[in-house]
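Chain naming here is simple, since letters A, B, ... match the order of the sequence lines and numbering starts at 1 in each.
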Amino acid sequence: MTTETIPTVEHLDRGPLDQDELAAVVAADIPAGAFVNLGIGQPTKVADHLRPEQGVTLHTENGMLGMGPKAVGDEVDPDLTNAGKVPVTELPGAAYFHHADSFAMMRGGHLDVCVLGAYQVSDHGDLANWHTGAPGAIPAVGGAMDLAIGARQVFVMMSLFTKTGEPKLVRECTYPLTGRGCVCRIYSNEAVIDVGPDGAHMRQTWGTSAADLAERLGL
Amino acid sequence: MSAAVVCESVDEAVAGIEDGSTVLVGGFGLAGMPFDLIDGLIRQGAKDLTVVSNNAGNGEVGLAALLKAGRVRKVVCSFPRQVDSYVFDELYRTGDVELEVVPQGNLAERMRAAGAGIGPFYCPTAVGTPLAEGKETRTFDGREYLLEHPISADYAFISAYRSDTVGNLVYRKTARNFGPVMATAATTTIVQVQEIAPVGSLDPESVVTPSIYVDRIVPVEARHYTVQGAQ
């Protein structure tokens, strides 16, 4: 752990964040007016916690800006899905475009933030989120590698430990990389942690002290 | 290339496709998937195909049906593994189909380059990852890039919403996805549409794929499948 001048805020009077509280913490950190891509799975929940006054525009890599909430009932249209192939809706001001344009806006640095899930993140911001490397696993990368190097800021939402208790924030990723030095911040139920060239720095913790968590993580 | 031909049947639209062809197949999951052209290709019988598409089939329709029929030698795609991609999964595990995984942005841009007459190009996606293996790396202004090659094909299969009789295309919502890029990157672009309008009735300002890229058009009934999607 590097020493930073920014002190860690420890919330010791409560337990870890639940999934909705975590999504709300991520949503609150998204700058007003940002263009944002939310990855498949846990990051999708962030959309439920964005406030209208933030003026955030959601991008989906299958060719849309101004994506609205999940479609229900009669709103379901097979021609309108998000990147997870879930039927969604469009908001006023939406725009459609083809795949090369969609990834050009991503890789061209026009997307402010993307929020991704991960298997592992290194303390210097390497990301592993596309392949476990297990024998027989079918590799599937989708847009993860393009998002990782394209968005100006890459946030990761993940648990800090595997089901068997192994840290997922590590010195060096052992899973195949998605991108090098691309993640700037990890959001987990126990802590928000900045990562990057200067190493990991805990911004906030919930239900645990920074020192205890650092010890459990082996950092 | 001469003007687009309006075909009377799907079988006419897919006639003449040779064994060993490379076929670009539009769609993202099932949105924009050219189901009727694929069914026609299964009837037509071409085999030993290389298919370039974002996914590797859902359920047993569309691309999954073509795979199940044993016509595909190789799949080039970004995201084969989905909850309902069991047809591909089985063929991959038994070694009956070859897989090349390409990051989604590279898949689109490599086809765009082919269609635009651009040669190999440098791109930062996948630097430092297993997908960089064997690729030339160069550093420009302190940032590393990989050399990526264009993807061209013999045929493109696309599903569009409307066309006119000369082949201008309009798409609908996120079913647009790879269609406009694939249309440019194939020697012969074959399009199924839900509606063919008289020439002059499409607003020229809203045409997405201009007719120059389109070779054959065939009208089909809309199909509405739901998809289980990625996990």
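In this structure, the ring of B/Phe28 has its center less than 6.0 angstrom from the ring center of A/His99.
Around CD of A/Glu53, the count of heavy atoms belonging to other residues, nucleotides or ligands within 6.0 Å exceeds 12. For B/Tyr161, the OH atom is loosely surrounded, since the number of other residues' heavy atoms within 6.0 Å does not exceed 12.
In this structure, chain A has no heavy atom under 4.5 Å from any part of B/Leu107. Heavy atoms closer than 4.5 Å to chain A are found in both the backbone and the side chain of B/Asn106. Both the backbone and the side chain of A/Tyr96 come within contact range of chain B, with heavy atoms under 4.5 Å apart. Looking at B/Cys77, there are no atoms closer than 4.5 Å to chain A (heavy atoms on both sides), in backbone or side chain. Contact of B/Phe88 with chain A is made through the side chain alone, with heavy-atom distances under 4.5 Å. Of the atoms belonging to B/Asn55, it is side-chain heavy atoms, and not backbone ones, that fall under 4.5 Å from chain A. Looking at B/Val102, only its backbone comes within 4.5 Å of chain A, counting heavy atoms on both sides. For A/Asp101, no part lies near chain B; criterion is any non-hydrogen pair under 4.5 Å. Heavy atoms closer than 4.5 Å to chain A are found in the side chain of B/Tyr92, but not in its backbone. In this structure, chain A has no heavy atom under 4.5 Å from any part of B/Arg110.
A heavy-atom distance below 4.5 Å is not found between the side chains of B/Asn54 and A/Asn62. The side-chain heavy atoms of B/Pro124 and A/Arg107, taken from C-beta on, include no pair separated by under 4.5 Å. Within the 4.5 Å cutoff, the side chain of B/Glu144 has heavy atoms near those of the A/Arg180 side chain.
To the nearest 0.5 angstrom, B/Leu30 atom CG is 9.0 Å from A/Lys85 atom NZ. Atom OG1 in B/Thr174 sits 8.5 Å away from atom CG in A/Asn82 (nearest 0.5 Å). Atom OG1 of residue B/Thr129 and atom CG of residue A/Asp126 lie 11.5 Å apart, to the nearest 0.5 angstrom. Here B/Arg143 contributes atom CZ and A/Ile149 contributes atom CD1; the two are 5.0 Å apart, rounded to the nearest 0.5 Å. Rounding to the nearest 0.5 Å places CZ of B/Arg172 at 8.0 Å from CG of A/Leu80. For the atom pair NE2 of A/His131 and CG of B/Leu131, the computed distance is 8.5 Å after rounding to the nearest 0.5 Å.
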Are B/Arg176 and A/Asp79 close enough, and set up right, to give a salt bridge (charged side-chain N to carboxylate O under 4.0 Å, His left out), and what steps lead you there?
-> CA-CA 8 Å; B/Arg176 180 184 304 197; A/Asp79 286 342; over 6 Å; no

So A/Met145 and B/Gln104, side-chain contact (heavy atoms from CB on, under 4.5 Å) or not? Walk me through it.
-> CA-CA 8 Å; A/Met145 288 186 182; B/Gln104 205 168 119; over 6 Å; no

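Annotation: maximal heavy-atom pairing with chain A below 4.5 Å, among B/Ala108, B/Ala175, B/Ser78, B/Ala31, occurs at B/Ser78. The candidate with the highest count of non-hydrogen atom pairs below 4.5 Å against chain A, out of B/Met182, B/Arg93, B/Arg112, B/Met111, is B/Arg93. Ranking A/Cys182, A/Pro139, A/Ala128 against chain B, the residue ahead of the rest is A/Pro139, based on heavy-atom pairs under 4.5 Å. In terms of heavy-atom pairs under 4.5 Å with chain A, the best-connected choice from B/Gly179, B/Ala222, B/Pro103 is B/Pro103.
Here the shortest heavy-atom pairing between B/Pro130 and A/Leu177 reads CD-O, 3.6 Å.
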